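Note sheet for the following structure.
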Amino acid sequence: MDVARALEWGERMLRESGIDTARRDVEILLQELLDVDRSALYLDRSRALLPEQKIMFEQWIKQRCARMPLQYVLHKAWFMDMELYVDERVLIPRPETELLVEVVIKEAKGMSEPLQVLDIGTGSGAIAIALARHMSGCRVWAVDISPDALAVARINVGKYSLQQRVTLLEGNLFEPVKGMAFDIIVSNPPYIVRDDLIELEPEVRSEPEPALNGGDDGLDFYRKLCHAGELLKPHGFLALEIGYDQGQAVSDILKACGFKDIQVLKDFANMDRIVLAHKWK
Ligand code: GLN
C-alpha cells in the first residue's frame, strides 16, 4: 500500500462510518504514522508503507471507524503550544479551554508574584501545565477526584518537567487544599445537562462521563465551586469555563456567593464560554 492508496482507502472507510472530517483525519493519521508534514503526503504519493506501518494504519482506521476520537487513537492532544498525552481516562482538551488559559494569563498581569494557582478537576493537566509554562514563577496545585485522570496528568507534568511547580492532588473539589490560600482559582468543570449527554456525538460519549455530567441542570459544579471565595486571597479571582448558554445562570450563582465584578466572555463562535469573578474589587 502506498500513500496515495492509503489516503483514498482510509478516507472511504471513515466516510462510510459517517465521519465528516474523514479526509482531515486520514491525513493526520498518515502524518503521525510516517512522521511527516501534510505536504509530504502529496509530494511523495508513491511512498510505500512498511508492513508494520500498514498494520498500524489499518488498526487506527478501524478504531476511528468505531468513532474513537482521533486523539485517543494517537494518544495525543494538541493544546496551545503543547502536545499532551491523552487516553480514555481523561477529557480531551478543547480549543475553547485555550481561551480560558489566555483569559487567566491576561487577568493575572500585574498581580504580585509568585502567584499561587489552583486548578479544580485538572483531567489531563492541560490548564495547570499551560498556566505553569506561561506564567513564570507561579505554582499550581491541580486537583482531581479521579486517580486515573491524575495518572495521565502526571505523564504530562513529567513531559514538560514541571514536577517542581505543578502539584497533583487526589480528592473532591477543595478538600485536598483545605486551609490554603490562592491568587487564582480556575476550573473547567463538567457542565453538560445530564439528559443531554445521550445526544452528544459518539466521540464525546467515549470520553469519561464524570468529566461531562453537570447534573440535572448542568450547574451542579458551579454551585460547589462558588465556595472558592473561602480559599481566595482578597485580590484573587475565579475563572471558569461554562456551557454556551450558562452565562447568566453562573453569574447569578457567583453573585449570590458574594463574588464581585463578574464578567461573561464569549468564545470564537460568539457563545458564552468563560466567567471571571473577583473576590473583592
Ligand atoms: N466542552 C465540552 C463539550 O462540549 C464539555 C466540557 C465540560 O463539560 N467541561 O463536549
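Atoms within each ligand, like the ligands themselves, are counted from 1 in listed order. If you're wondering where the values come from, they're calculated on a predicted model, not measured in any experiment.
At the top of the distance list for atom 10 (O) of ligand 1, counting protein heavy atoms only, stands Arg94 NH2, 2.8 Å. Summary of contacts: the protein heavy atom closest to atom 4 (O) of ligand 1 is Ile192 CD1, 4.0 Å.
Residues Asp148 and Ser146 bring no donor and acceptor atom of their side chains to less than 3.5 Å of each other. There is no side-chain donor-acceptor pair under 3.5 Å between Glu96 and Tyr244. Under 3.5 Å, the side chains of Glu32 and His75 contain no donor-acceptor pair of N or O atoms.
Among all heavy-atom pairs drawn from Arg64 and Val73, the shortest one is N-CG2, 4.2 Å.
No part of Glu207 comes within 4.0 Å of ligand 1, judged by heavy-atom distances.
In this structure, of Ser187, Gly214, Pro189, Pro93, the residue bringing a heavy atom nearest to atom 9 (N) of ligand 1 is Pro189.
No side-chain heavy atom of Leu232 sits less than 4.5 Å from a side-chain heavy atom of Trp280.
Inclusion of Tyr191 in the set of residues having an N or O under 3.5 Å from an N or O of ligand 1 is warranted.
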